[in-house]
Structures are given as structure tokens and as C-alpha cells.
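Notes follow once the structure below has been shown.
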Amino acid sequence: MRRPELPVPIGNPLQILLLACSFALAAYAGVRLLDGEWFEIALWFVGAAIVHDLVLVPLYGAADQGLLRTFEAAGRRTWIRYVRVPAALSLLLLLVWFPLITGRVTHRYAGATGHPPADFATRWLLFTAVLFGASAVVLAIGRWRAGGSRRE
């Protein structure tokens with residue numbers, strides 16, 4: 001027996017108004033973003049998608065598999081999260097701040113902000129060291145609470 005079709009709820013008027021406003025705001029931001037150098041911005045988006053999907057994802061996968069095999073060979077598979085999390089956060093920061101970390105856009109940064117660019121590479125390396133150090137502390141505390149002698 002066929003079930004009767006239920007009408008698709010459209011939503012209340014406030015939801016529709018908020019959705020329309022969010023689309024209008026996104027359209028305005030898109031027009032403002034693409035106002036000047038639209039070709040370079042579009043090229044950057046396409047290039048970023050292609051580079052991410054065709055180059056970075058296989059590299060992430062290969063690095064993670066190598067890391068997993070290393071920890072399994074050492075009998076410490078549960079420790080992998082203490083490397084994955086700080087590495088992922090550090091790589092995310094590198095990806096976001098790459099132009100400033102490499103110093104390629106220092107003239108644009110100074111022109112846009114009116115301030116000389118800070119040493120982003122040193123700060124990124126310091127933050128990465130803090131992330132891995134905090135992860136090591138969390139691992140040490142966990143091992144200490146578990147008795148320290150058992151293999152995980």
C-alpha cells in the first residue's frame with residue numbers, strides 16, 4: 001500500500017526572512033570580494049581546491065598511514081592521537097597563514113594594515129612547539145594516572 005505524500009513544510013516566516021537575509025549578505029560579500037581582482041580570487045579558489053584534493057589529501061593519508069604503522073610497530077597505537085591533534089592544528093595554521101609565514105606578502109600586509117609584519121614564521125614554530133609540548137604533558141599525565149608501567 002502506498003503511503004500518502006506529506007506536504008513539505010516551508011518554515012515559519014521568521015526562518016524564511018533570516019534565510020533571505022543571509023543569502024543577501026553572502027551575495028553582497030561576494031560582490032565586494034570579487035569587485036577588484038575577481039580573476040585572481042577565482043583562480044585561487046579553483047587552485048586551492050585542486051591542490052587540496054589532488055596533492056594534500058594523498059599526502060595527509062600517506063603521512064597518517066606511516067605514523068600509524070610506526071606506532072603499531074612500537075606497540076603504542078593509542079599514542080597516535082597525541083601526535084595527530086597537534087600536527088593537524090599546526091598544519092591548519094600553516095595553511096591559513098602560509099603567505100605571511102613564508103614572507104611572500106609582507107609588502108601587501110604592511111600596505112593594508114599600516115604596520116610592519118611580525119615574524120609569523122617564528123610565532124608559528126613557537127605555537128607548534130607549544131602544541132606538541134602540551135600534548136606530551138597530557139600523555140605523561142595520562143600515563144602517570146594509569147600507573148605508568150602498562151603498555152598501551
Side-chain angles (χ1 to χ4, degrees), residues 8-9 11 15-16 18-152:
V8 177
Q15 287 177 328
I16 294 171
L18 287 174
L19 188 61
C21 288
S22 69
F23 278 128
L25 182 63
Y28 173 74
V31 167
R32 294 287 300 199
L33 177 69
L34 299 175
D35 186 30
E37 303 167 349
W38 68 270
F39 181 74
E40 292 171 353
I41 293 169
L43 183 66
W44 185 87
F45 273 111
V46 170
I50 290 172
V51 167
H52 179 266
D53 292 347
L54 297 179
V55 176
L56 294 179
V57 169
L59 285 175
Y60 301 155
D64 190 56
Q65 285 299 312
L67 192 64
L68 185 59
R69 285 190 197 112
T70 302
F71 277 97
E72 282 179 344
R76 306 281 189 201
R77 183 182 174 131
T78 58
W79 289 14
I80 196 166
R81 72 185 79 142
Y82 298 102
V83 176
R84 278 182 180 164
V85 172
L89 292 173
S90 177
L91 287 173
L92 179 64
L93 288 173
L94 176 64
L95 186 65
V96 170
W97 296 104
F98 183 76
L100 289 169
I101 289 171
T102 59
R104 295 180 146 199
V105 292
T106 54
H107 61 284
R108 285 181 134 180
Y109 180 83
T113 63
H115 299 287
D119 190 8
F120 284 92
T122 304
R123 290 180 181 185
W124 174 73
L125 287 172
L126 181 63
F127 192 76
T128 299
V130 167
L131 283 172
F132 278 97
S135 184
V137 167
V138 170
L139 173 64
I141 290 171
R143 295 213 11 101
W144 177 70
R145 292 177 100 193
S149 62
R150 98 177 175 198
R151 284 179 69 96
E152 295 181 40

Show the nearest heavy-atom pair for residues R81 and P86, with the distance to one decimal.
O-CD, 4.2 Å
In Å and rounded to the nearest 0.5 Å, what is the CD1 to OG1 distance from I101 to T122?
10.0 Å
Keeping the roles fixed (side chain from T70, backbone from G66), state whether a donor-acceptor pair exists under 3.5 Å.
yes
Check whether any side-chain N or O of W124 sits under 3.5 Å from a backbone N or O of S90 as a donor-acceptor pair, and report yes or no.
yes
Can W79 and R143 be said to form a side-chain contact (heavy atoms from CB on, under 4.5 Å), step by step?
CA-CA 10 Å; W79 289 14; R143 295 213 11 101; 3.4 Å; yes
Return the CG to CG distance between L126 and L131, rounded to the nearest 0.5 Å.
10.0 Å
Heavy-atom closest pair, residues S135 and V83
OG-N, 4.5 Å
Let me confirm one number: the CG-OG1 distance from L91 to T128, rounded to the nearest 0.5 Å.
8.0 Å
Among residues at least two apart in sequence or on other chains, which ones pass ring pair (Phe, Tyr, Trp, His ring centres under 6.0 Å) with F98?
none
Inter- and intrachain pairs under salt bridge (Lys or Arg N to Asp or Glu O under 4.0 Å), touching residues 48-66, at least two apart:
D64-R84
So CD1 of I16 and CG of L19: to nearest 0.5 Å the spacing works out to 8.5 Å
Step-by-step side-chain contact (heavy atoms from CB on, under 4.5 Å) determination, F71 to T78:
CA-CA 8 Å; F71 277 97; T78 58; over 6 Å; no
Any heavy-atom pair between the side chains of H52 and Y60 that's under 4.5 Å?
yes
Look at atom CZ of F127 and say whether more than 12 heavy atoms of other residues, nucleotides or ligands are closer to it than 6.0 Å.
no
At their closest point, which heavy atom of I80 faces which heavy atom of L68, and how far apart are they?
CD1-CA, 3.5 Å
